[in-house]
Protein chains: 2
Amino acid sequence: MPSSENKSKFLDSQEYPLAFEERNRNSPKICAICNGSTNCFHYGVPSCNGCKTFFRRCILSGKEYQCQSEECCLITKGSRCKACRFKKCIQVGMNPNAIQTSKNISKMITDVITQQKEIYKSNDKANIVDNSQYKYGSTFLDDQSSPKISPHLSLTSEITFEKTLNELLYIEYKYKLLRESLFTGHEFWGFSIDDLFLKKSTLGSVENYQKPHNWPLPMTFKYERSVFEIDENEFQVQKKKFRYCYKHWIITDAILTLDYTKSLPFFNNLPINDKKCIIKHVGASLLIAIKAFYSYVMNHKYIYYPDGWTPIIVHKNATNLEVEVYVETVKPLYRLMLTNEEFCLLKILIICCGVSADISNNSRKILEDAKEYYSYILFAYLQVKYGNIKGATRFADIISLITTIFLYGQKFKEFRLLLNLAIEKLDPKSSRMPLPKIVQLFMEN
Amino acid sequence: MPSSENKSKFLDSQEYPLAFEERNRNSPKICAICNGSTNCFHYGVPSCNGCKTFFRRCILSGKEYQCQSEECCLITKGSRCKACRFKKCIQVGMNPNAIQTSKNISKMITDVITQQKEIYKSNDKANIVDNSQYKYGSTFLDDQSSPKISPHLSLTSEITFEKTLNELLYIEYKYKLLRESLFTGHEFWGFSIDDLFLKKSTLGSVENYQKPHNWPLPMTFKYERSVFEIDENEFQVQKKKFRYCYKHWIITDAILTLDYTKSLPFFNNLPINDKKCIIKHVGASLLIAIKAFYSYVMNHKYIYYPDGWTPIIVHKNATNLEVEVYVETVKPLYRLMLTNEEFCLLKILIICCGVSADISNNSRKILEDAKEYYSYILFAYLQVKYGNIKGATRFADIISLITTIFLYGQKFKEFRLLLNLAIEKLDPKSSRMPLPKIVQLFMEN
DNA sequence: TTAGTACAAGTTGTGCAT
DNA sequence: GATGCACAACTTGTACTA
């Protein structure tokens with residue numbers, strides 16, 4: 001049932017005469033009641049002259065009809081079941097308020113509107129996705145190839161939503177498995193950015209990696225002072241003390257995140273330069289979202305990695321920026337108690353927000369369509385789960401989270417910049433290996 | 001008029017959907033009746049061609065219409081309720097005397113003016129918003145202490161939404177009238193904050209103030225350097241050059257905004273300390289939202305006040321912070337093409353977001369309930385206006401705007417702080433009158 | 001810049017033939 | 001008596017003039 005042709009007064013969005021060029025596009029062809037031909041609206045609904053007159057007479061006469069059959073007669077031109085024809089008029093949204101009369105027909109009108117609401121309610125129940133059906137991708141687990149999300153950007157059926165969300169959950173599941181395994185993407189550290197964009201996604205080969213039994217490792221060592229407070233000598237001492245037993249998380253997450261984006265068809269089909277632009281724009285925020293969510297999932301109050309690495313406690317006197325990046329980022333997730341489903345959609349919406357002036361118009365359009373699509377899925381999901389009102393509120397909360405995460409992303413970049421400057425000053429010969437190009441792309445300003 | 005130099009710097013028209021020309025300045029963008037687009041005034045009110053013709057025909061025909069619903073239909077382009085559309089014409093102040101005709105329509109005119117007065121009177125008696133009409137408002141008027149079931153279950157009806165939204169539009173209309181009049185709230189500048197919270201709202205006395213005929217005044221004087229660049233001597237020269245012909249906008253807007261919040265039942269019933277907390281938290285953002293929206297409505301690309309005052313062009317070499325506060329703030333509104341209805345709800349949602357750790361649990365609950373209520377109204381409105389999918393997307397966009405505005409609010413505070421420090425340094429004896437306490441509350445950090 | 005007007009086109013109401 | 005058609009009556013927004 002078309003939701004744009006609407007019901008009560010508040011919902012009366014039917015416009016009057018349209019501009020010339022719009023007319024052909026917007027003028028109806030088929031009577032919504034009897035399928036006859038028409039080219040105009042009556043009482044808010046595309047309808048033929050006959051059905052118009054029929055509805056009018058029904059309302060004015062106030063008569064109530066009874067179906068002689070089973071209240072589901074097919075209405076065609078010439079149909080004779082008045083009860084079913086009138087019911088159909090209501091169902092498609094004919095507006096009795098549009099009948100101009102001095103006669104008091106208010107009771108009839110209230111009845112009609114109540115009836116309309118009941119019809120809508122029963123339809124909603126039948127159509128909208130039932131959440132309890134969502135399984136955590138169990139049917140996909142046999143799939144050996146790298147996962148892909150179906151590229152359907154048409155919003156025709158709720159089934160599609162369900163499918164899309166399940167696919168997202170499945171990819172996220174794989175992402176999590178790899179992240180919690182020994183996978184570091186070490187073999188790709190030397191790759192150019194272009195090569196990384198072109199290589200096969202690693203999300204397909206989860207089985208090759210496992211989670212070590214001794215994780216999380218204990219955080220046994222801590223420094224008295226941070227790199228911002230020490231001199232060259234102390235830095236050399238710290239370096240020796242540091243044990244390379246943790247994963248290099250910023251590299252791992254950057255590589256995995258890039259592979260994740262490849263499973264998003266709307267993203268993967270963009271020109272490579274636009275992809276780079278987008279990653280540059282949203283990369284840091286994506287990393288923050290991922291780190292924060294999986295810390296929160298493990299019930300940690302600050303950024304915490306599966307191998308036990310906990311940056312905020314590695315030295316005393318954390319700076320404000322460190323507190324923001326490593327502690328504050330987790331808080332909104334607790335406040336909202338974000339679910340897995342919500343997180344998956346949030347991640348995608350962060351990517352869709354990477355619309356910058358630098359990308360092509362075509363790509364921008366694609367991103368905007370994707371944003372529309374996924375935000376609607378999020379919305380539909382929340383409506384089903386929490387009901388109309390709570391659902392809308394929660395939707396607002398989660399959307400607000402996007403901007404918050406962007407802020408933290410920016411702070412993350414600032415922090416990394418300061419960190420790099422400090423280390424470069426302490427160790428000008430740069431005995432450290434340079435960070436992979438891809439991390440630079442994520443952290444560029 | 002701004003110098004061409006400034007123009008090239010700030011007026012990058014590519015960022016706006018519409019091409020701007022100098023002559024479009026000061027022309028309105030939105031029809032005050034139906035929210036359609038327009039760029040001229042008719043019968044004293046910014047209005048589209050359709051509403052203009054409609055009002056004219058109503059007056060000339062002398063017909064009286066009857067609303068088939070509850071006399072609170074939302075008026076949009078294409079709305080069919082003649083009674084409510086005409087009522088809105090009157091409400092926003094269309095002037096029947098401006099109709100030029102030989103026909104005797106004097107009776108009709110007197111009627112209309114009487115009607116206008118009645119609308120004012122009836123609304124004002126109830127301290128602007130009639131609480132008793134709100135199931136919502138009255139719920140916690142009666143019952144502050146006992147645990148509550150969500151009071152919104154009663155709000156399933158679209159009629160309630162329409163009514164609430166129309167009331168908000170009406171308050172906003174009054175706010176705008178006062179803001180665009182000679183009203184400066186001068187008599188309250190010496191009031192303590194508590195007294196300001198307790199005094200009667202000025203939104204009830206719109207008739208006492210008028211918009212001066214010579215507005216907007218031209219921006220005739222500009223300084224070579226800003227207060228950040230000059231010494232004591234030059235400051236004294238600047239001071240002499242400055243003509244006090246503009247309103248002191250930050251004070252006016254702060255006082256009016258405070259009065260505005262008093263018309264919101266959910267806010268007005270909070271304990272005064274919590275009110276102060278909230279204003280401190282959201283005040284600067286509210287001011288930014290208001291300044292930016294009314295600049296955008298008048299088709300200006302930077303903050304511009306009804307009397308012609310244009311802070312960004314008062315000196316050369318605007319700082320980054322000034323550009324952010326006075327130019328960037330307006331851009332998102334053009335990007336979204338925000339409507340009046342959306343703005344009214346946005347404003348309230350900004351207030352509802354003033355949930356801080358410092359307010360009582362009870363107040364927090366009230367704010368959260370209000371947030372739920374108004375965000376659902378916004379949501380329902382958008383669903384009806386744009387359909388399911390586009391509606392959800394637009395909802396997301398508008399909600400995101402809240403966080404953006406908070407950011408700009410913070411920058412606004414920073415800017416005011418720097419400005420005060422600079423002036424204090426240049427003029428330590430502080431010959432200037434100290435700002436009213438209420439402005440300090442709005443600008444506190 | 002804004003008031004007035006002519007016109008095209010959409011929509012409602014109604015008499016009449018079937 | 002119910003139905004659908006044709007057309008009259010009315011409403012609306014736009015384009016244009018002054």
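In what follows, every chain begins at residue 1, and chains take the letters A, B, ... in the order their sequences are listed.
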Under 4.0 angstrom between A:Arg57 side-chain N/O and D:dT3 OP1 or OP2 | no
Quick one: A:Phe55 CZ to C:dT14 P, roughly how many Å, whole number?
-> 16 Å
Does the side chain of B:Tyr43 get closer than 4.0 angstrom to OP1 or OP2 of C:dT1 through an N or O atom?
-> no
Any A:Arg85 side-chain N or O less than 4.0 Å from OP1/OP2 of D:dG4 | yes
Interatomic distance where CZ belongs to B:Arg56 and P belongs to C:dG4 [whole Å] | 4 Å
DNA chain D nearest-nucleotide lookup for A:Lys52 and B:Lys52: closer to the 5′ end is A:Lys52
With sequence neighbours excluded, tell me which residues meet side-chain contact (heavy atoms from CB on, under 4.5 Å) with B:Thr53.
-> B:Asn49, B:Arg57
Spacing between B:Phe54 atom CZ and D:dT11 atom C1', to the nearest angstrom = 10 Å
Apply side-chain contact (heavy atoms from CB on, under 4.5 Å) to B:Asp307 and list each qualifying residue two or more places apart in sequence or on a separate chain.
-> B:Trp215, B:Tyr246, B:Lys247, B:Trp249, B:Tyr305, B:Trp309
Between B:His300 and B:Tyr304, what is the ring plane arrangement, given parallel below 30°, perpendicular above 60°, and tilted in between?
-> parallel
Looking only at D:dA15, D:dC7, C:dA3, the nucleotide nearest the A:Asn49 side chain is D:dC7
Any B:Lys63 side-chain N or O less than 4.0 Å from OP1/OP2 of D:dC10 = no
Do the two ring centres, one from B:Phe55 and one from B:Tyr43, sit under 6.0 Å apart?
-> yes
Distance, rounded to the nearest Å, where B:Asn95 contributes CG and C:dA3 contributes C1' = 13 Å
Atom NE2 of A:His42 and atom P of D:dC5: how far apart are they, to the nearest Å?
-> 11 Å
Taking CD1 from B:Ile75 and P from D:dT12, how many angstroms apart are they, rounded to a whole number?
-> 11 Å
Would you mind reading off the distance between A:Asn35 atom CG and D:dG4 atom P, rounded to a whole angstrom?
-> 14 Å
Can you tell which of C:dT11, C:dA3, C:dG13 lies closest to the side chain of A:Cys40?
-> C:dT11
Does a side chain donor of either B:Tyr175 or B:Thr257 reach within less than 3.5 Å of an acceptor in the other side chain?
-> yes
So which nucleotide from D:dT12, C:dT14, C:dT2 ends up closest to the side chain of B:Lys82?
-> D:dT12
B:Asn97 CG to C:dG4 P, straight-line distance once rounded to whole Å | 12 Å
